[in-house]
Amino acid sequence: MTSTQTVDASAVTRALKNATTTASHAPSIHNTQPWRWRAHGDQLDLLLDESRTLAVADPDRRLAILSCGAALHHALISLAADGLHATVARLPEPTRPGHLATIRVDARMPVDPAAIRHLQTVGLRHTDRRTVSGTAVDADSLRSIAAAAESQQTQLHVLRPLQVLGLASATDHAQHVEADDPAWQAELDDWTGGTRPLGTGIPGTVIPREASPTMVPGRDFGRAGGMAIADTHDRAAVFAILYGPGDGVLDWLRAGEALSAGWLKATELGVCVVPMSSAIEVTVTRESVRHLLAGLGHPYLVLRFGVLDSDTAGPPRTPRLPTVQIVEQP
Ligand SMILES: Cc1cc2nc3c(=O)[nH]c(=O)nc-3n(C[C@H](O)[C@H](O)[C@H](O)COP(=O)(O)O)c2cc1C
């Protein structure tokens, strides 16, 4: 590694810009993209943008911060692929919890081939809500995905068949609670369906046309989308829970970094991932999911893994906000 002085300032500026562009591809709850970046010198601050959070479904900002963690991981991949070493201070200002991280570029380093591969995968990763095929997800792939998540200090627990029944019941209950709450539905309507010309939210084109027979119900968007799905049962789907010892802002941020690391690894292995957060959003069902972990820790997000039928085309990409809208310049 060489010292900071040898990193050309304009190269750093360019790399930080690349990092924010790469981060914009990160997954987020309802595609809210609840992050904002502030670039200054060799530093990039990651801030929670309250204007793109879900007051009803996510009052603690758990899922928004998790989404920001995924964006942070994407940004770090970009810097590593540009051959730059960066240090990260998570929650650098204890009195300002919305300041989630500061990334500081401090040296040049050899370009990491794994980072180049992950950077390419960022462009391929997306949420595909189609029914999974009958092909099983192999145990080695699951172990590699879990190891990728665990490299970010968050664990992944793969559910056994009986536990999947418990998850199915919790998710079903959560979706009923949400469907019965007009404020919840109004917020869901604000963020999902339609054409989404502003670059936020989930367009109808990636929402299933109808519910397919599944063990654990997929997100009830409250309206039909335009995406055709197979009407076969998703028997080969595997369900897992991202979890950890605490239930605070730092844990959620790290969980988002783990989500990104695990999802990119899964994409590289041909495994499809769908996050399922309904049961986490409702307090009582989050507690039921915690019981499935039998004292191991607090649940952050449920994930569905599966293999998709490669003969049919996947859904279109979900749009993103233009980068200028998420980066504050000094
Ligand atoms: C914290 C979190 C929770 C999510 N929850 C769900 C969910 O319950 N159901 C679902 O279909 N997608 C869920 N998603 C996927 C997002 O809708 C998706 O990432 C976003 O629309 C952007 O699309 P993309 O992943 O294709 O880039 C979630 C994503 C995150 C990061």
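One-based numbering, in listed order, for ligands and for the atoms of each. These numbers come from the heavy atoms of this one structure, side chains and all, not from hydrogens, waters or symmetry mates.
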Quick one: which ligand 1 atoms are inside 4.0 Å of a heavy atom on Ile202?
17 (O), 21 (O)

Sub-3.5 Å donor-acceptor pair from the side chain of Ser169 to the main-chain atoms of Leu165, do we have one?
no

Distance-only N or O hit between ligand 1 and Ser277, under 3.5 Å:
yes

Between Gly218, Pro275, Gly314, flag the one that comes closest to atom 14 (N) of ligand 1 by a heavy atom.
Pro275

Leu259 to ligand 1, any heavy atom closer than 4.0 Å:
yes

If you define the side chain from C-beta out and look only at heavy atoms, does anything of Leu301 sit under 4.5 Å from Leu66?
yes

Can you name the atoms of ligand 1, numbered from 1 with element, that are less than 4.0 Å from a heavy atom of Met276?
7 (C), 8 (O)

For residues 264-273, which side-chain donor-acceptor pairs fall under 3.5 Å, sequence neighbours excluded?
from   : atom 1 : to     : atom 2 : distance (Å)
Thr267 : OG1    : Trp263 : O      : 2.8
Glu268 : OE2    : His118 : ND1    : 2.8
Glu268 : OE2    : Thr121 : OG1    : 2.8

Ligand 1 N/O within reach of Thr127 N/O, cut-off under 3.5 Å:
yes

Are any of the heavy atoms in Arg125 under 4.0 Å away from ligand 1?
yes

Does the Glu187 side chain pair with the main chain of Ala55, one donor and one acceptor, at a distance under 3.5 Å?
yes

Salt-bridge contact Asp189-Arg223 (side-chain N to carboxylate O under 4.0 Å):
yes

Closest heavy-atom pair and its distance - Val289, Pro299:
CG1-CB, 3.7 Å

Part of Arg320 with heavy atoms under 4.0 Å of ligand 1, whether side chain, backbone, both or neither
side chain

Check: Thr21 side chain, Lys17 main-chain N or O, donor-acceptor pair, under 3.5 Å
yes

I need the atoms of ligand 1 closer than 4.0 Å to a non-hydrogen atom of Ser28, numbered in the order shown.
16 (C), 17 (O), 18 (C), 19 (O), 20 (C), 29 (C), 30 (C), 31 (C)

Close approach, Ala70 and ligand 1, non-hydrogen under 4.0 angstrom:
no

Under 3.5 Å donor-acceptor pairs involving side-chain atoms of residues 243-253, not counting sequence neighbours:
from   : atom 1 : to     : atom 2 : distance (Å)
Asp247 : OD1    : Arg62  : NH2    : 3.4
Asp247 : OD1    : Trp252 : NE1    : 2.9
Asp247 : OD2    : Arg62  : NH2    : 3.0
Asp251 : OD2    : Asp247 : N      : 3.2
Asp251 : OD2    : Gly248 : N      : 2.8

With respect to Arg129, determine whether any N or O atom, backbone or side chain, lies less than 3.5 Å from an N or O atom of ligand 1.
yes

For atom 19 (O) of ligand 1, closest protein heavy-atom neighbour
Pro27 CB, 3.2 Å

Under 3.5 Å between some N or O of ligand 1 and some N or O of His126?
no

Strictly distance-based, threshold 3.5 Å: is any side-chain N or O of Glu281 a donor or acceptor partner for the main-chain N or O of Ala57?
no

Mind checking whether Ile29 contacts ligand 1 via backbone (N, CA, C, O), side chain (CB onward), both or neither, at a 4.0 Å heavy-atom cut-off?
both

